[in-house]
Amino acid sequence: MKLSIHDRIRNAAGSQAVENVKARHTYLHGRADAAGEWANLWSRSDECSWAHAFGRMRGFDQVWYGSVTQYDKMAFENAIEMMDIYPETTGKDPRPLMEASVHTLVTDVIEVAADGKSARGSFITPGVIHSCLTPEKEKYCNVLWERYGSDFVCEDGEWKYLHEHVCPDILTRLDCFNWAAEEYARITAPVIEDAAPPTLGDPPPVTDPGPMHKPYSVLDKPQDTVPWPEPYETLDNHNTYTPFRS
């Protein structure tokens with residue numbers, strides 16, 4: 001597709017703006033500020049969605065309930081429990097006390113639509129989720145590799161998330177387990193062959209139930225759940241990480 005110089009500059013600026021939105025997500029998620037992310041970075045459209053291996057939440061209300069209400073509930077319950085164990089935490093913001101999610105974004109591929117109204121991005125995020133404040137008074141750290149498939153829309157000149165599909169490939173405890181051997185044992189053991197893959201916490205209510213992605217396995221072929229985007233004209237069901245409902 002041929003674009004004018006004006007449209008090329010517009011789309012180049014859009015690509016940078018989308019990368020900044022993703023980086024802001026990483027920071028806010030790192031300090032467990034779910035309300036800060038969904039209040040400021042997301043479209044309020046009924047078509048917005050957030051998906052993980054367990055399924056897809058659709059519509060802003062359901063996404064907010066699953067990603068903010070439930071998440072903040074865990075943070076505040078954890079903070080109340082920690083006050084008796086670590087009195088010095090009293091009065092602090094309870095959300096970053098729960099955990100630190102460190103997602104390093106690499107190999108991003110971003111395409112802005114020819115019409116300039118949307119953008120699509122694919123990201124790999126090797127990272128860790130760790131905490132030093134636990135009821136057991138022991139540190140823990142989960143190591144994980146995930147892929148993101150993200151759709152963005154430009155609303156009143158500001159870029160917002162519309163869709164996010166998180167695909168967890170590897171999740172295990174750091175320095176405790178051999179994730180490859182653990183996964184091999186999980187798949188090959190007949191009594192737990194159909195066991196659900198590990199997740200972080202209980203899954204929230206979803207409109208589209210999973211599984212939508214399986215952990216990486218030495219026994220299965222690679223999954224291309226969120227392939228990198230190709231150049232496209234406009235956001236539609238042929239160019240999206242979440243099929244539209246209407």
Side-chain angles (χ1 to χ4, degrees), residues 17-78 93-96 98-99 101 103 105 108 110 113 117-123 125 127 129 144 146-156 158-168 171 196-213 225-226 229 235-237 239-246:
V18 163
E19 194 170 50
N20 286 338
V21 171
K22 178 62 77 171
R24 290 175 64 195
H25 147 77
T26 302
Y27 168 76
L28 292 170
H29 186 44
R31 67 183 307 276
D33 188 356
E37 173 177 346
W38 269 271
N40 297 292
L41 303 184
W42 277 76
S43 168
R44 303 298 177 94
S45 168
D46 287 338
E47 289 293 349
C48 86
S49 68
W50 192 93
H52 203 272
F54 53 77
R56 177 183 290 115
M57 296 176 280
R58 285 183 176 270
F60 187 77
D61 289 345
Q62 188 178 69
V63 173
W64 182 274
Y65 178 78
S67 296
V68 179
T69 305
Q70 295 291 83
Y71 201 67
D72 278 1
K73 180 182 176 182
M74 288 192 300
F76 281 86
E77 288 175 344
N78 177 77
D93 185 343
R95 291 170 297 189
M98 180 174 63
E99 63 185 16
S101 302
H103 288 282
L105 298 172
D108 50 308
I110 299 172
K117 298 179 180 179
S118 67
R120 307 186 63 224
S122 175
F123 305 82
T125 170
I129 299 178
L144 71 164
E146 294 178 329
R147 282 174 283 159
Y148 290 147
S150 310
D151 294 329
F152 304 86
V153 289
C154 189
E155 296 181 345
D156 299 324
E158 188 174 2
W159 285 94
K160 302 279 189 178
Y161 268 108
L162 183 66
H163 304 142
E164 180 90 288
H165 192 163
V166 181
C167 298
L171 171 62
T199 59
L200 299 175
D202 296 326
V206 296
T207 297
D208 304 331
M212 292 193 160
H213 187 80
T225 309
V226 287
L235 195 66
D236 54 26
N237 275 339
N239 298 280
T240 182
Y241 289 110
T242 297
F244 290 89
R245 292 188 288 189
S246 58

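Of the N and O atoms on the side chains of Tyr148 and Lys22, not one donor lies less than 3.5 Å from an acceptor on the other residue. Between the side chains of Ser150 and Glu164, a donor-acceptor pair is found at a separation under 3.5 Å.
Side-chain contact between Gln62 and Thr207 is present, with heavy atoms from C-beta onward closer than 4.5 Å. Side-chain atoms of Asp93 and Arg95, non-hydrogen and from C-beta on, do get closer than 4.5 Å to each other. Residues Cys48 and Trp42 have side chains in contact (heavy-atom distance under 4.5 Å, counting atoms from C-beta outward). With contacts defined as side-chain heavy-atom distances shorter than 4.5 Å, the pair His29/Tyr71 qualifies. Inter-residue side-chain proximity for Thr125 and Arg147 is flagged as unmet; no heavy-atom pair is nearer than 4.5 Å.
Between Leu41 atom CG and Lys160 atom NZ the span is 7.0 Å, to the nearest 0.5 Å. One finds the CG atom of Leu162 at 6.5 Å from the CG atom of Asp151 (value rounded to the nearest 0.5 Å). Here CG of Asp72 is found 8.0 Å from CG of Asp33. Values are rounded to the nearest 0.5 Å. Taken from CD in Glu99 to CZ in Arg31, the straight-line distance is 13.0 Å, to the nearest 0.5 Å. We find the CG-CD distance between Leu105 and Glu19 to be 8.5 Å, quoted to the nearest 0.5 Å. A distance of 13.5 Å separates NZ in Lys73 from CG in Asn78, rounded to the nearest 0.5 Å.
Between His25 and Tyr161, the ring planes are perpendicular. Angles over 60° get that label, and only those under 30° would be called parallel. Using the six-membered ring where Trp is involved, Phe54 and His52 have ring planes that are parallel, under 30° apart on the 30 and 60° scheme.
Between Pro229 and Ser122, the shortest heavy-atom contact is CD-CB, 3.9 Å. Contact between His103 and Thr26 at its shortest, heavy atoms only, is O-CG2, 2.9 Å. In plain terms, the two heavy atoms of Gly66 and Pro204 that are nearest each other are CA-CB, 3.6 Å. The nearest pair of heavy atoms linking Pro168 to His213 is O-CD2, 3.3 Å. In terms of heavy atoms, Thr242 sits closest to Ser49 at OG1-OG, 2.9 Å. Closest heavy-atom contact between Met98 and Ala32: CE-CB, 4.4 Å.
Stacking of Arg120 on the aromatic ring of Tyr241 is recorded, both the 6.0 Å distance cut-off and the 45° axial limit being met.
Annotation: salt bridge (Lys or Arg N to Asp or Glu O under 4.0 Å) contacts involving residues 46-60, sequence neighbours excluded, comprise Arg56-Asp208, Arg58-Asp208.
No donor-acceptor distance shorter than 3.5 angstrom exists from the side chain of Asn239 to the backbone of Leu235, with no hydrogens or angles considered.
When each of Phe152, Phe244, Trp50 is tested with His163 by the rule ring pair (Phe, Tyr, Trp, His ring centres under 6.0 Å), just one qualifies, namely Phe244.
Around atom OH of Tyr65, no more than 12 heavy atoms belonging to other residues, nucleotides or ligands sit under 6.0 Å away. Environment of CZ in Arg44: crowded, with over 12 heavy atoms of neighbouring residues, nucleotides or ligands closer than 6.0 Å.
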Walk me through it: do Glu146 and Leu171 pass the test side-chain contact (heavy atoms from CB on, under 4.5 Å)?
-> CA-CA 9 Å; Glu146 294 178 329; Leu171 171 62; over 6 Å; no
